[in-house]
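To start, the structure itself, in structure tokens.
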Amino acid sequence: QVQLAESGGGLVQAGGSLRLSCLVSGRTFSNYGMGWFRQAPGKEREFVAAINWSGSSTKYADSVKGRFTISKDNAKNTVYLQMNSLKPEDTAVYYCSTAHTPFIAAPMATVLGYDYYGQGTQVTVSS
């Protein structure tokens, strides 16, 4: 059974930083790409960042490019999202996800590429 558990969310002032973590179990983590998505109240879930299975390629939404960094530590079965220069519009529940197929070379930027999601962690940025 595949399980994902996010942590690291919280309340931060605009301009601050947070690092989200997502621990994955039940799947050979090193073989799969990972993604982060977010959902604000009343809005659709949107893509934030993705990393391919080897960690050699990443992709970001335009809204977070240059501020967020995704990385994965295969030894710890964990994917991270470092978020800097946070803005009030980054406020949302953040979800990590695992790709549905192993060894995909390109990081995927749509929900169609993923099959399992965590329960989410709340990020609130105050102005």
Side-chain angles (χ1 to χ4, degrees):
Q1 181 182 0
V2 180
Q3 292 184 317
L4 295 84
E6 301 98 336
S7 61
L11 173 64
V12 64
Q13 289 189 327
S17 298
L18 283 173
R19 188 176 80 154
L20 306 183
S21 301
C22 173
L23 177 64
V24 181
S25 60
R27 176 165 279 183
T28 306
F29 179 79
S30 58
N31 294 349
Y32 289 82
M34 297 292 299
W36 285 96
F37 292 79
R38 66 187 182 188
Q39 189 165 16
K43 294 189 175 182
E44 300 265 321
R45 186 169 297 191
E46 65 172 1
F47 167 75
V48 175
I51 189 166
N52 72 340
W53 71 275
S54 66
S56 62
S57 183
T58 57
K59 190 177 185 72
Y60 297 92
D62 288 343
S63 59
V64 308
K65 204 171 292 183
R67 300 187 297 122
F68 290 12
T69 303
I70 186 172
S71 61
K72 65 192 304 254
D73 185 335
N74 290 334
K76 295 182 178 180
N77 282 11
T78 300
V79 62
Y80 302 98
L81 185 68
Q82 177 67 44
M83 305 186 295
N84 299 328
S85 302
L86 283 160
K87 305 175 180 180
E89 51 264 43
D90 294 319
T91 295
V93 177
Y94 283 70
Y95 300 89
C96 65
S97 54
T98 179
H100 56 60
T101 303
F103 304 119
I104 296 179
M108 296 175 290
T110 73
V111 297
L112 295 177
Y114 301 90
D115 54 359
Y116 291 96
Y117 289 80
Q119 81 289 349
T121 186
Q122 177 70 47
V123 172
T124 304
V125 185
S126 63
S127 57

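The analysis underlying the following values was restricted to heavy atoms, covering all of them including side chains, and did not include hydrogens, waters or symmetry mates.
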Interatomic spacing from SG in C22 to CG in N77 - rounded to 0.5 Å: 10.0 Å

Note: D62-K65 ion pair, threshold 4.0 Å (strictly below): yes

Distance, nearest 0.5 Å, that separates CD of E6 from CG of L23: 10.5 Å

Heavy-atom side-chain contact between Q39 and Y95 under 4.5 Å: yes

Heavy-atom pair with the smallest gap, counting every atom of F29 and V79: CZ-N, 3.9 Å

Whether T78 side chain and K76 backbone form a donor-acceptor pair below 3.5 Å: yes

Flag side-chain contact, heavy atom, 4.5 Å: N84 against S17: yes

Nearest-0.5 Å distance that lies between atom CD1 in I51 and atom OH in Y80: 11.5 Å

S57 versus A105, closest heavy-atom pair with distance: CB-O, 4.3 Å

Min side-chain heavy-atom separation I104-Y32 under 4.5 Å: no

Closest contact, heavy atoms only, W53 versus N31: CB-O, 3.3 Å

Stepwise side chain to side chain contact (heavy atoms under 4.5 Å, CB included) test for L86 and F68: CA-CA 9 Å; L86 283 160; F68 290 12; 3.8 Å; yes

pair R38-S63: side-chain heavy atoms closer than 4.5 Å: yes

Among L20, T91, L81, the one residue meeting side chain to side chain contact (heavy atoms under 4.5 Å, CB included) with V123: L20

Stepwise side chain to side chain contact (heavy atoms under 4.5 Å, CB included) check, M83 with W36: CA-CA 12 Å; M83 305 186 295; W36 285 96; over 6 Å; no

Heavy-atom closest contact (L4 atom, M34 atom, distance): CD2-CE, 3.9 Å

Heavy-atom side-chain contact between R67 and Y60 under 4.5 Å: no

F47 vs T110 side-chain heavy atoms within contact, under 4.5 Å: no

Value rounded to 0.5 Å, distance of OG1 in T98 from CZ in R27: 4.5 Å

Point-to-point distance, once rounded to the nearest 0.5 Å, from SG of C96 to OH of Y116: 13.5 Å

Rounded distance (nearest 0.5 Å) linking atom CE of M108 with atom CG of N52: 9.5 Å

Heavy-atom check, side chain of K72 versus side chain of V24, under 4.5 Å: no

Side-chain heavy atoms of F37 within contact of Y114, under 4.5 Å: yes

